2 protein chains.
Amino acid sequence: MFFVSLIPIRPELPFGAPSERSDAARNRERLLHAARELVNECGVDAFTMDMLACRADVGKGTVFRRFGSRAGLMMTLLSDSESEFQRQFIFGPPPLGPGAPPLERLIAFGEARIKFVEEFGELARAASEHSPQNRHDAPPVVLWHRHIEMLLREAGLDRDPWLLALSLGASLDPERVLHSLREHGIPQERLAASWRELVTRLLKDG
Amino acid sequence: MFFVSLIPIRPELPFGAPSERSDAARNRERLLHAARELVNECGVDAFTMDMLACRADVGKGTVFRRFGSRAGLMMTLLSDSESEFQRQFIFGPPPLGPGAPPLERLIAFGEARIKFVEEFGELARAASEHSPQNRHDAPPVVLWHRHIEMLLREAGLDRDPWLLALSLGASLDPERVLHSLREHGIPQERLAASWRELVTRLLKDG
DNA sequence: GATCTAAACGGACTACAGTCCGGTTAATAT
DNA sequence: ATATTAACCGGACTGTAGTCCGTTTAGATC
């Protein structure tokens with residue numbers, strides 16, 4: 001059994017916080033506000049960092065100092081939703097949260113993730129674009145990967161559950177799921193059913 | 001049973017080929033030669049289209065007229081190896097080719113794909129970068145996706161084998177496999193073993 | 001309040017993919 | 001040989017992410 005704690009998506013101020021300067025704080029708020037506005041107005045894909053700098057009335061350098069990259073900004077925008085999702089599968093009610101048998105939790109996890117992607121997929125995809133590092137090793141990704149691994153272990157799959165979790169996780173990748181939903185028009189329910197089928201077969205008789 | 005034919009990776013000259021002009025042919029050769037040279041010299045990631053145009057002593061417009069995009073060029077560079085891979089799992093000897101039971105073919109397919117990525121992964125990744133379309137719907141991808149689907153069907157998995165094949169395929173995605181190999185230092189054999197475990201469990205008692 | 005300094009700022013600059021369009025040329029017809 | 005023309009060519013141009021560095025300023029110290 002592990003000890004899992006919520007992982008902050010974008011750890012602001014690494015440790016002994018020398019507390020943010022007031023102008024910096026003001027600009028961060030302005031930027032986040034403008035970013036949300038712009039994403040609503042023209043969508044994630046048409047959104048550019050120049051537009052953001054302009055709208056927030058701030059220099060471009062400031063934007064990048066704050067968020068590091070376009071992907072970093074997207075992560076920040078996603079951070080609250082991602083935390084909420086984490087909260088649900090770690091502390092929430094069963095079958096997603098603890099209390100249900102591992103197979104049921106896995107099924108629920110897939111379903112929930114698919115819904116998450118339906119809602120925030122564009123952001124999530126943009127958050128890992130142009131960076132395999134972000135895609136595979138970002139804190140939230142690592143966390144739900146470990147979650148799957150733990151459930152596999154509980155279900156008695158002891159043959160390299162880490163890699164197995166990686167494979168399962170792959171099929172829930174935002175880009176893939178989004179592509180199935182949007183490009184192939186596959187309904188959420190069918191994706192969820194396929195996931196259920198997959199993990200059910202996998203966990204059958206330990 | 002389907003009728004499968006080799007899919008040309010980059011269908012040169014769409015249909016009623018009006019035959020390429022001689023200067024165009026010359027330039028295509030020059031470009032391919034220069035591209036291979038440059039990829040060898042500085043690696044896929046450092047490779048730029050400007051470098052290519054310069055090295056081949058050709059205008060930039062010509063490069064893009066020929067290959068459409070960076071990803072398109074990478075596909076072209078990959079095309080021969082990809083065709084060879086296709087040949088092996090469609091016509092080659094068992095267990096990869098026809099003749100072995102589906103589970104064994106599936107296992108062999110994963111192993112072969114992992115080796116392929118070990119060798120050509122950087123190219124393959126670059127060929128689908130910046131384009132979910134390329135990543136998921138490029139002809140070779142569609143082909144091996146259908147191959148997996150067929151094997152699943154043969155093995156008696158009739159519950160939405162198309163989507164199941166998509167999920168399995170996801171774990172063989174070049175970017176993922178490459179990331180495991182290079183970033184996490186996971187040896188090829190361990191990936192292959194995990195794949196074997198995955199599909200074996202999945203196909204157990206139809 | 002004056003001084004100091006590290007942090008934050010802004011916007012010009014670079015790198016790269018991809019587009020555009022006026023000029024050139026290979027192939028064909030005459 | 002000459003004319004014709006559709007395909008081809010080059011390279012200047014655009015859009016966007018990300019960097020750099022001289023300037024400004026918040027906030028702490030005296």
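Here the structure is a predicted model, which means the values were calculated and not measured. To find a chain, count down the sequence lines: A is the first, B the second, and so on, and within it residues start at 1.
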Quick one: B:F67 CZ to C:dC16 P, roughly how many Å, whole number?
19 Å
Close residues, residues 41-48 of chain A, relative to DNA chain C [heavy-atom separation under 4.0 Å]:
none
For B:R125 and B:D45, run salt bridge (charged side-chain N to carboxylate O under 4.0 Å, His left out): C-alpha distance rounded to whole Å, both residues' side-chain angles, the deciding distance at 0.1 Å, then the answer.
CA-CA 10 Å; B:R125 182 174 52 189; B:D45 293 342; 3.7 Å; yes
Ion pair present between A:R28 and A:E20, side-chain N to carboxylate O less than 4.0 angstrom?
yes
Residues which pass ring pair (Phe, Tyr, Trp, His ring centres under 6.0 Å) with B:H179, listed by chain and number, not counting sequence neighbours:
A:H136, B:H184
Looking at A:E149 and A:R153, does any basic side-chain N land under 4.0 Å from a carboxylate oxygen?
yes
For nucleotides 28-30 of chain D, tabulate all protein N/O to nucleotide N/O atom pairs closer than 3.5 Å, reporting atom names and distance.
none

In whole angstrom, give the distance that lies between atom CG of B:L52 and atom P of C:dC16.
13 Å
Side chains of A:Q86 and A:E82: donor-acceptor distance under 3.5 Å anywhere?
no
Using a cut-off of 6.0 Å, state whether more than 12 heavy atoms not belonging to A:R26 lie near its atom CZ.
yes
State whether A:R182 and A:E122 are salt-bridged, where the test is any N-O pair (Lys NZ or Arg NE/NH1/NH2 against Asp/Glu carboxylate O) under 4.0 Å.
yes
Whole angstrom is fine here: how far is it from CZ in A:R70 over to P in D:dT19?
15 Å
Using a strict 4.0 Å threshold on nitrogen-to-oxygen distance, state whether B:K115 and B:E119 make a salt bridge.
no
Would you call B:R55 and B:E41 a salt bridge, using N to O less than 4.0 angstrom?
yes
Does the protein touch nucleotides 6-12 of chain C at the base, only the backbone, or not at all? Give it as B, S and - per nucleotide, heavy atoms under 4.0 Å.
BBBBBB-
Would you kindly give the CE-to-P distance between A:M51 and D:dG15, to the nearest whole Å?
14 Å
Separation of D:dC13 P from B:F64 CZ (nearest whole Å):
18 Å
Atom-to-atom span, CD of A:E129 to C1' of D:dG18 - whole angstrom:
15 Å
What residues, two or more places apart in sequence or in another chain, satisfy ring pair (Phe, Tyr, Trp, His ring centres under 6.0 Å) together with B:H147?
B:F89, B:F109
Among residues at least two apart in sequence or on other chains, which ones pass ring pair (Phe, Tyr, Trp, His ring centres under 6.0 Å) with A:H33?
none
